[in-house]
Amino acid sequence: MVIFASPIAKHGVMSKAYPEYKELNLAERQVEIQQDWKEKKTFVQSIRKGDSPSFTFFEGPPSANGMPGIHHVLSRAIKDSICRYKSLQGFRVERKAGWDTHGLPVELQVEKELGITKEDIGKSISIEAYNAACRKSVMKFTGSWQELTELMGYWVDMDDPYVTYQTKYMETVWWILKQFYDQGLIYKGYTIQPFSPAAGTGLSSHELNQPGTYKMVSDTTLVAQFLLEPGQSVAGESLPERTFGLAWTTTPWTLPSNTALGVGPNIDYVLVKTLNPYTREAQYVILAEARLQAYFDAEWNKAWEKAEDKSRKVPWEVLRSFKGIELQGLRYQQLMPYAQPEEGKAFQVISGDFVTTEDGTGMVHLAPSFGADDFKTAKEHGIGALTLVDRRGRFTQEVSDFAGEYVKEAYLNVEEKPEGYESVDVRIAVKLKQEGKAFKIEKYEHTYPHCWRTDKPVLYYPLDSWFVRTTAMKERLLELNKEINWRPPSTGTGRFGQWLENLQDWNLSRSRYWGIPLPIWRSKDGKEERCIGSVSELLEAIEASVGAGIMHKNPYGDIKDSQDYASIDLHRPFVDEVVLVSPSGQAMYREPDLIDVWFDSGSMPFAQWHYPFENKEKIEQGAAFPADFIAEGVDQTRGWFFTLHVIAAGIMDSVAYKSVISNGLVLDKHGQKMSKRLGNAVDPFRTMQKFGADATRWYMLTNAAPWDNLKFDEQGIEEVRRRFFGTLYNTYAFFALYANVDGWCKSSPELPKEPAQLDVWILSRLEGLKQEVTQAYEAFDLTAAGRLIQDFVTESLSNWYVRLSRKRFWVGSMTGDKEAAFSTLHWCLDTVARLMAPLAPFYADRLYRDLRQGSTSVHLSHWPQTGLAKRDESLEDAMDLAQRATSLVLSLRKKQRIRVRQPLRKVLVPVMDSRQKELLEKVIPLFLNEVNVRQLEFLTDIGELLVLKAKPDFKKLGPRFGADMKLVNQRVQSLSQSQIQELRTKGALNIELDEGRMESISLEEVEVVSEDVPGWQVAVDGDLTVALDIALDEELKAEGLARDFVNRVQNLRKDLGLEVGQRICINVQATQQVQDALRLNKAYICAEVLAADLHDYASENPSSKVYTLELENELKANVQIEPLL
RNA sequence: AGUCCCGUAGCUCAGGUGGUUAGAGCGCUACACUGAUAAUGUAGAGGUCCGCAGUUCAAGUCUGCGCGGGACUACCA
């Protein structure tokens, strides 16, 4: 491994103070730095000790059973950069890594590896062996994660991470749960969950979102007629006898469990006089007005004469209409009276916002046991539920006609189906039709979720679950959310805020195996209950139980010491074997569910420190809680961001984090989501090995704001490498080259003692940069910080400062000016290295150390102080003007095809205001030098030399003239030269808007610019105009020629391999014209090419080679070059 | 379906509190430079600022309604 590319021999044996490299190789430089960090434990050293204020950071635990992707690099680059910045600022920033180790993905992975399904657990494989396999599997990719962490330069403490399956971690989770429990925020309740009767298990939404679970099916649907109780009235007017509510369902099997009808409060409903299409009996129905045309033919409106018609069409007539809300509370007769709900009201019309008129009748049949919306709405209205289907998907005994039958045809095997089998949906439809309670029966195709394992349809089914009563905390959660600094803010107020507004209780239950068991024990009758909050509490309870004879022995054996964490496993199946004793002496069994893994990760602020069993003061005195900053992908909004928030609010009545960045996705370069399936996933390892972590990080952070989606394109990284790192490297290489040649050497940067104007300028710009970059970091805006640094380096430092200062670095002796140039450049590079260190930790460190000759790491340094150099904004403005003027002159030269080496006589700048002139005067030499023009003349006496143009200042005139502004604009634009002159001399001018309408315009309200200088080459940029004299006389031509000559000799010197400082003597043979030109400029030429003399005669030395130099305009010169000793 | 983000040059992105010439880099074309050189610079071409309507003297910018892309959450009676 090359540590330093061998220094290029330039100056014999002189030692190189500043390392030089053959080329910029970020990946190689990174390896050296990496190695050094490792050896010197730089990360550990960088964590400040003692009295340093702490900046608390939480690492969101990645799941270690999957490979890291490029998107992890983005969120980790954000985290790392902020933490490094704060560290440089003097904060103590601890970063404890963590692993999320529980949950379904791990289980699935293990099942795949072992070739088993959930049904095998407890049969062909014990829970113990299964969980052991999970424990082993989950850390499968930790090696890759460590590698990625190192490779990308993410500083996080992986030696002492928190791991969610460790006993100490689990103990804190139990403790937290108990805190909620003691506050009365944990309860057991019913909820409607996706359930697979075929597999006998509840499904998570995660499982339901597997590909291919939603399939097209054809179901028998029907519009049922619900007979309203007679004698009721709506809006004070009574309803007729035999009035029915119409409700559509795609699941007729839920009709026996119907307990309510839903209407939309703001939907318009109508009372329709009509017939039953099957029985032809006269009746009244209620449905949404918007759905009329779906059930009634316009041609049959009031067609009572066709009442006896045999067709299914029916005459109809709208009698009256009302809002849904007016229907609320109407009672109806139970449609299929097999059973009555045990508690709550039933058979009423209630209103709910979820009701639409997109399909159906605008009136919804509600079976609270079989639909989440139904359940929620029913609960809000105190409506009871009927669950007339068992867990295997069969009707219960109460449903006499269909008792024991599967509600979905798909649950029957082929051999179970009798000949001519009709599904219960069909038979229910027929039954209702015969009873005159069906309005329309038809087949309907729609998508329906299926169990991903059995391929059978899923039911929504009420299941027992344990909940956190987050709804009770809602107000406080909303209040606390206002304290959080969200980046971007819209995620906090929008996605997160609205999520909180619509908060549901948090369902903690998971019927699985690999996770933290719910620490709640209950007696068989459910009347006695105990929540365990620590290992010692558990051991005591076990002892009591053994003492009471409930258990024969302690399943954990002889362990008495609650500190013996290595021997105690709180996972299943061990805790399942624990049976406790209740105060009344009953046996209590553990509730079999596991805790949602989101609760694990949300507990990490406390569990990572084993609070409150250890580190009590650390948490309570604010050194480790709440976090000052966290960052994760926006997909964590309702995940980790939420669970942290709830748990912190519940435990500490505090926010969990003060600032949070939620970053967007990393898409492929076409904007497609990356996936292994499409093969467009970017390999972070390969990418960073190729381009280095710095360029990759820089690209990801500066290309788009972190919360925008990033279209990841390798070409973008390459561009960053070339454009930013390449330029920065070149700038350093330039500095190092000349500093080494000159033996200029300072181990720490110093401000120049005799700064030239250019030095003052760049130092002023640097001062501004420091302020702006610091502000950006403080606002967690890494994108702005990076872009600011990049612009400074490429534009101000390299393209202007270095380019214009080059000559200063290669003048012969060490003058005060040269000294200043070195100091300034050294100073700037050093500051840049520190400013960029958080974002590009490797190269910044390389640069910093190279500048300071073996100094310690930049990450152990301190943030650049502001105020060290003076800010000179008028000089910055002047330079800006010089750059614009330069651009204009170059543009003119281009048009006239006059090369820059050809000197020109004069440039005119008409100045309309004195400030512009003052500014430009500061930078005249620099400007003239840059454009190779001899003289600058200001045109202040406008006279007849200039064509002027007046433009209105809209900001000033707009408010004054309002609607007349257009007219004013026209008038001002078309002012004559003399009018403009009058305006300039008198300071005001009367203009005529319309006939007779005169208005006075003052000079401050318009902008006067020179548009043209007749007879000159003119270019204009806003308020700046330059006019160029392109006439060439003999003297100018001669100088142009001399410059060509210098240029060619310089090339020759280089071709001949002469040392930069080698002095020479030149013999020239050329035409008279050339000879004259050279003689005229002899001093200049000699100085430029380090020639002692220039012999214009062919005093040829036969031994010396003759070179022919091609000058402009086909002129030539033959020269001999003699090195001098 | 709800919520949020995004839509500006061929590509990737900038464009405080509305103000009349809409910018940068890459790419493209031409040129220059050749002692920063497997670099660099300059100039040029390139835009219905997604659409429509509104507010305003004035809209890329503010409001509303759409369209397109993306994400999250929920659901489909």
Side-chain angles (χ1 to χ4, degrees), chain A residues 22-23 205 221 247-251 254 262 354-356 358-367 371-374 446-449 488 490-491 493-499 502 504 633-639 664-665 667 669 671-673 702-705 707-711 713 715-716 718-720 722-723 726-727 729-735 737-738 783 787 790-791 794-795 798-799 802-803 806-807 809-810 886-887 890-891 893-895 897 899-901 951-969 1020-1022 1047 1050-1051 1053-1054 1058 1060:
Chain A
K22 281 185 197 135
E23 59 175 347
S205 58
T221 71
W248 182 56
T249 181
T250 57
T251 52
T254 60
F354 67 95
V355 179
T356 69
E358 273 169 29
D359 46 23
T361 60
M363 190 178 274
V364 180
H365 135 69
L366 297 177
D373 274 341
D374 308 35
H446 62 145
T447 57
Y448 194 85
S490 60
T491 299
T493 54
R495 188 177 288 197
F496 193 68
Q498 278 168 18
W499 165 256
N502 300 316
Q504 307 289 310
V634 69
D635 53 332
Q636 293 297 336
T637 307
R638 283 135 188 209
L665 301 181
L667 308 170
K669 64 177 166 185
Q672 296 291 307
K673 199 173 175 178
T702 61
N703 188 64
W707 40 87
D708 284 343
N709 290 341
L710 173 68
K711 290 179 193 160
D713 188 353
Q715 281 183 7
E718 175 54 27
E719 192 181 318
V720 160
R722 254 203 1 259
R723 178 93 192 133
T727 305
Y729 158 78
N730 262 326
T731 307
Y732 167 77
F734 174 86
F735 164 81
L737 175 65
Y738 288 105
T783 308
R787 285 174 175 171
Q790 180 167 318
D791 286 348
T794 56
E795 293 308 316
S798 169
N799 188 28
V802 172
R803 203 158 54 80
R806 272 160 61 191
K807 284 207 167 82
F809 287 92
W810 69 63
T886 302
S887 182
L890 292 173
S891 163
R893 292 185 90 109
K894 170 83 69 186
K895 272 193 199 116
R897 299 180 178 279
R899 61 191 196 283
V900 180
R901 263 200 301 267
K951 289 177 183 174
D953 185 334
F954 282 85
K955 220 165 183 167
K956 287 177 184 148
L957 289 171
R960 186 178 149 197
F961 285 102
D964 288 328
M965 193 54 216
K966 275 180 188 143
L967 214 49
V968 173
N969 186 29
V1020 182
D1021 172 33
N1047 168 255
Q1050 297 287 35
N1051 288 347
R1053 282 182 62 113
K1054 203 179 167 198
L1058 296 179
V1060 172

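Since we're looking at a predicted model, the values are computed, not measured. Below, chains carry the letters A, B, ... as their sequence lines are ordered, and counting in each starts from 1.
The side chain of A:K966 has B:C57 as its nearest neighbour among B:C57, B:U73, B:A36.
Between A:R893 atom CZ and B:C33 atom P there is a gap of 11 Å when expressed in whole angstrom units. Atom-to-atom, CG of A:N709 to P of B:C72 comes out at 10 Å; the value is rounded to the nearest Å. At whole-Å resolution of the value, CD in A:E718 and P in B:A39 are 10 Å apart. Across the protein-nucleic acid pair, A:R897 atom CZ and B:A32 atom P stand 9 Å apart, rounded to whole Å. For A:W248 and B:C76, the CH2 to C1' distance is 9 Å, given to the nearest whole Å. Rounded to whole angstrom, the span from the CZ atom of A:R803 across to the C1' atom of B:U34 amounts to 14 Å. Following rounding to the nearest Å, A:F496 (CZ) and B:U73 (C1') show an atom-to-atom distance of 14 Å. A:L710 has its CG atom 17 Å from the P atom of B:C11, to the nearest Å.
To the nearest whole angstrom, the two C1' atoms, one in B:A14 and one in B:C6, are 15 Å apart. Atom name C1', nucleotides B:G23 and B:G60: the rounded distance is 12 Å, in whole Å. Look at the P atom in both B:A71 and B:G10: the space between them is 26 Å, to the nearest Å. Taking atom P in both B:U40 and B:U8, the straight-line distance is 28 Å, to the nearest Å. Remark: the separation of the P atoms in B:G46 and B:A59 is 25 Å, to the nearest Å. Comparing the same atom, C1', in B:U48 and in B:G7 gives a spacing of 15 Å after rounding to whole Å. Comparing B:C76 with B:C13, their P atoms are spaced 37 Å from each other, to the whole Å. Separating the C1' atom of B:G19 from that of B:U3 is a span of 35 Å, rounded to the nearest Å.
Residue contacts shown for A:G958 include a base, since a base heavy atom lies under 4.0 Å away. Contacts of A:P959 with the nucleic acid, taken as non-hydrogen atoms under 4.0 Å apart, include base atoms. Residue contacts shown for A:T794 are absent, as no nucleic acid heavy atom lies under 4.0 Å away. Among the heavy atoms of the strands, none lies under 4.0 Å from A:V968. A:R722 comes within 4.0 angstrom of sugar-phosphate atoms only, judged by non-hydrogen atoms across all strands, and of no base. Using a 4.0 Å heavy-atom distance criterion, A:R787 is classed as a sugar-phosphate-only contact. Counting non-hydrogen atoms under 4.0 angstrom, A:K711 reaches the backbone sugars and phosphates but no base. Using a 4.0 Å heavy-atom criterion, one finds that A:R723 contacts the sugar-phosphate atoms exclusively. Looking at heavy-atom distances under 4.0 Å, A:T250 makes contact with sugar-phosphate atoms alone, never a base.
Shown here, B:C26 forms a base pair with B:G10; the pair counts as Watson-Crick or G-U wobble because both key distances fall under 3.5 Å. B:U17 is unpaired under the Watson-Crick or G-U wobble criterion, no partner having all donor-acceptor distances under 3.5 Å. With a 3.5 Å ceiling on both atom-pair distances, the Watson-Crick or G-U wobble partner of B:A32 is B:U40. Pairing for B:C4 is with B:G70, a Watson-Crick or G-U wobble pair whose two hydrogen-bonding atom distances lie under 3.5 Å.
Look at A:S891 and you won't find any side-chain N or O under 4.0 angstrom from OP1 or OP2 of B:A43. Distances shorter than 4.0 Å separate none of the side-chain N or O atoms of A:S490 from OP1 or OP2 on B:C4. In terms of phosphate contacts, A:K894 brings no side-chain nitrogen or oxygen within less than 4.0 Å of OP1 or OP2 of B:C31. The phosphate of B:U34 has OP1 or OP2 within less than 4.0 Å of a side-chain N or O from A:R901. In this model, the phosphate group of B:U42 is approached by a side-chain N or O of A:N799 to a distance below 4.0 Å at OP1 or OP2.
Taking the nucleotide of RNA chain B with the nearest heavy atom to each of A:A963 and A:V900, the more 5' of the two is matched to A:V900. Sequence order on RNA chain B of the closest nucleotides to A:D708 and A:N1047 puts A:D708 first from the 5' end.
The neighbour count for A:Q715 CD, taken as heavy atoms of other residues, nucleotides or ligands under 6.0 Å away, does not exceed 12.
With 3.5 Å as the limit, one finds no donor-acceptor pair spanning the side chains of A:T491 and A:W707.
When atom types are taken as modelled, the side chain of A:T794 and the backbone of A:Q790 share a donor-acceptor pair closer than 3.5 angstrom.
Ion pairing between A:E795 and A:R803 fails under the 4.0 Å rule for side-chain N and carboxylate O.
Distance CZ/A:R960 to CG/A:D953: 12.0 Å, rounded to 0.5 Å.
Taking the side-chain hydrogen bond (donor to acceptor under 3.5 Å, both in side chains) definition, one finds that A:D1021 meets it with A:R884, sequence neighbours left out.
For the residue pair A:R787 and A:N703, the shortest heavy atom distance occurs at NH2-O, 3.1 Å.
Side-chain N/O atoms of A:T221 and base N/O atoms of B:A77 include no donor-acceptor pair closer than 3.5 Å.
Between A:F809 and A:F734, the ring-plane angle classifies as perpendicular under the 30° and 60° cut-offs.
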